[in-house]
Amino acid sequence: MSLIAVVDYGMGNLRSVSKALEHVASSDQKVIVTSDPADIAAADHVVFPGQGAARDCMLELKQRGLIEPVLKAAREKPFFGICMGMQVLLSHSKENNGVDCMGLYKGEVRFFGTAFAENKIDQKSELLKIPHMGWNQVHQTQSHPMWDGVEQDRRFYFVHSYYVAPEDKSIAAGVTDFGINFVSAIARDNVFATQFHPEKSAADGLQLLENFTRWNGKIN
Amino acid sequence: MSLAKRIIPCLDVRDGRVVKGVKFVDIRDAGDPVEVARRYDQEGADEITFLDITASSDDRETIVHVVERVANEVFIPLTVGGGIRSVADVQRMLNAGADKVAINTAAVFNPEFVKEASDRVGSQCIVVAIDAKKVSAEGEPDRWEIFTHGGRKETGLDAVEWAKKMADYGAGEILVTSMDRDGTKIGFDLELTSAIAEAVPVPVIASGGVGNLDHLADGILKGKADAVLAASIFHFAEHTVGEAKQKMAEHGIEVRL
């Protein structure tokens, strides 16, 4: 029996993620929702979701002693970060007046409103509402086993007000336009992460999750 | 390439069944919520909203089970409204598999509840639903007020100001229903919708009055809404969600096809 661990650190409801994974997992795979470092260490695949504010996420991760176990998994095995589970992989978030994050990738997490102001984008006349909520296109910027069966520029479900700006642009696996062009998926070695919610993105989202359950963590 | 406008079928659920009141009297049975939700998902619905119209609060558990059953097999965003009065109610719905909850009357009686709920679960999970009626006379500048209890009780609250306040209090989205139009099939109140869409920084969903597919496009193009919600035109196979999207695309609106 192969194990898929969904990391539970008290940030948001993980029912949808685990149900969607169960929907696509093969019969010899078991999906568990867990906050136990031992489960994360034992798992073959690790899914790191999350929603809510950056400060609360980091606080919960620290209090539960999950920072090191999660980082270790992100260095060693197929690892899928979703939404806040992608954002906190960076070094720093501008949310909540600034929060240091896990630092797996150099870069920061920024507020759309700030980006619009800096780029002189008139949010009001363009009717760019924050949060960025709904179905937007993801332009795949590298070929990757996780994109198998997902056509170019398909739409996925987003709901967020902050976006990742990694220093190393080569880790981008997908980009999306919302006033600005931002990184909506990243990939590096055994890690894949998305700003959007595959568990809420109908058939394409399920395809991505299925690809993950089949992925050995290698790019070729 | 940009964000698609959303089409959201709404299911009125009573005692665990989908129903649709025609002029608030004749409640026609429109099926099992899981079956209906699955069909809408297959047709390309961008989200699904459940409005619990169960009369007795003793039967609240029924809607929780409906949400659980739908969330087990339909993988698009789900919103639940109707009788949400406490943070515990909000959390119960989210735990059952809802992505958002719609708060209506309880926000009017206790605006702090919206703050509390959004602080606890995040703005992205909180939709504030407002039921508005035009109160200005012919020739006067447009003015709408909030009504509760299915449009029967006035509150004296200005609808546009109320929407702004709710966004300030942490609503991640505003669902605007025109009580003048609800059930009429003559189209959204586009002035009301655009007045609110232009006033708030969060997405707005237009609701109330859809009778044909062009009305949906009007809600986006003239009402400036980010999403359109409709119930009856989808329920009795008058139109599919797919047809609605085709129609919106013909009007040059970006949709998920």
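Sequence lines set the chain letters: A, B, ... in the order given, protein chains first and strands last, and positions in each chain run from 1. Keep in mind that the numbers below use all heavy atoms, side chains included, and drop hydrogens, waters and symmetry copies.
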### Options B/Ala96, B/Ala71, B/Ser123, ranked by heavy-atom pairs under 4.5 Å with chain A, top entry
B/Ala96
### Query
Looking only at heavy atoms, what is the nearest atom pair of B/Pro203 and A/Pro131, with distance?
CG-O, 3.9 Å
### Message
Heavy-atom cut-off 4.5 Å, strictly under: side chain, backbone, both or neither for A/Ala202 against chain B?
### Response
both
### Task
Enter the distance from B/Asp99:CG to A/Lys200:NZ here, rounded to the nearest 0.5 Å.
3.5 Å
### Minimum heavy-atom distance A/Lys129-B/Val204, with the two atoms named
NZ-CG2, 4.3 Å
### Task
Report the option among B/Glu47, B/Glu198, B/Glu68, B/Lys5 that has the most heavy-atom pairs separated by less than 4.5 Å from atoms of chain A.
B/Glu68
### Query
Any side-chain heavy-atom pair from B/Pro77 and A/Tyr157 closer than 4.5 angstrom?
yes
### Message
Measuring from atom CD1 of B/Ile220 to atom CG of A/Leu127, what distance do you get when rounded to the nearest 0.5 angstrom?
### Response
10.5 Å
### Query
Is the closest side-chain heavy-atom distance between B/Leu3 and A/His132 below 4.5 Å?
yes
### Task
May I ask you to name which of B/Gly44, B/Ala197, B/Cys125 has the most heavy-atom pairs under 4.5 Å with chain A?
B/Ala197
### Verdict with supporting geometry, B/Gln124 and A/His160, side-chain contact (heavy atoms from CB on, under 4.5 Å)
CA-CA 8 Å; B/Gln124 78 283 352; A/His160 62 126; over 6 Å; no
### Message
On a heavy-atom basis, which atom in A/Trp135 and which in B/Arg6 lie closest, and how many Å separate them?
### Response
CD1-CG, 4.2 Å
### Message
Under the criterion side-chain contact (heavy atoms from CB on, under 4.5 Å), I'd like the reasoning laid out for B/Asn95 against A/Arg15: C-alpha separation, chi angles, the key distance, then a yes or no.
### Response
CA-CA 7 Å; B/Asn95 288 339; A/Arg15 185 189 162 94; over 6 Å; no
